[in-house]
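Have a look at the structure below, then the notes.
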Amino acid sequence: AQKVTQAQTEISVVEKEDVTLDCVYETRDTTYYLFWYKQPPSGELVFLIRRNSFDEQNEISGRYSWNFQKSTSSFNFTITASQVVDSAVYFCALTSYSGAGSYQLTFGKGTKLSVIP
Amino acid sequence: SQTIHQWPATLVQPVGSPLSLECTVEGTSNPNLYWYRQAAGRGLQLLFYSVGIGQISSEVPQNLSASRPQDRQFILSSKKLLLSDSGFYLCAWSVSGTPQFFGPGTRLTVL
């Protein structure tokens, strides 16, 4: 069975601080994808990144960076110099192949990030 | 480019009334379609997914049902709503192993 654990339920930081959101996953699949989504107060889930299980290179996109470590089954997300607009709930997710061309996402419970001005 | 629409955006319904939520996708063909529910303060729960017209898989047995009458249309229904059906309903689409892209959601309150 697939499982994604986001141990941090809520985090508060002061603007311009760096913050890391943790994600630990469990899967028996050798090929899988990991994702991060952002859910602002409006509710819509915004796709941030997808990582293939064979690609352990860290990735940086502006103030966002992701650290994928297969050895510890972790896919952590760091926001550098946080801003108020980063306030949202962040979800980590893992795919599983459900057959007939369909991939299902297993979501963590999310981490609510509040950036205080 | 692809876009996904959901309506209505918000809905308040009495217990026991029927429900119909609609999701449509533009700009892609033969997508996989998904319905999720997010209860207040909780994570996302996959309700249904579909890999093609008329093909529906249910993840959680409940009083909800889904239908896919057209390639890019996905409908979530109920004959009689329960209080526990309140939540935020999200539709999503994907192609093969690509990310799932989500619609704006429908906020349902059952009174």
Would a single hydrophobic cluster contain both [Y] and [X], if residues Ile, Leu, Val, Met, Phe, Trp and Tyr are joined by side-chain heavy-atom contacts under 4.5 Å?
X      : Y      : answer
A:L105 : B:Y34  : yes
A:W36  : A:L113 : yes
A:Y90  : A:L94  : yes
A:L48  : A:V89  : no
A:F77  : A:F35  : no

Under a 4.5 Å heavy-atom criterion, the part of residues 6-15 of chain B in contact with chain A comprises none
Among residues 72-85 of chain B, residues within the sub-4.5 Å heavy-atom range of chain A, in order of number, are none
Decide yes or no for [X] and [Y]: does some side-chain heavy atom of the first lie under 4.5 Å from some side-chain heavy atom of the second?
X     : Y      : result
A:F47 : B:Q100 : no
B:Y36 : A:F107 : yes
B:P99 : A:Y37  : yes
A:L45 : B:L44  : yes

So, the part of A:T106 with a heavy atom under 4.5 Å from chain B: the answer is neither
Checklist entry - Around A:K38, counting heavy atoms of other residues, nucleotides and ligands shown, do more than 12 lie under 6.0 Å from its NZ? => result yes
Side chain to side chain contact (heavy atoms under 4.5 Å, CB included), that's the test. Do B:F88 and A:Q39 meet it? Break it down for me. CA-CA 12 Å; B:F88 190 52; A:Q39 187 177 39; 3.9 Å; yes
Turns out that what part of B:Q45 lies under 4.5 Å from chain A's heavy atoms comes down to neither
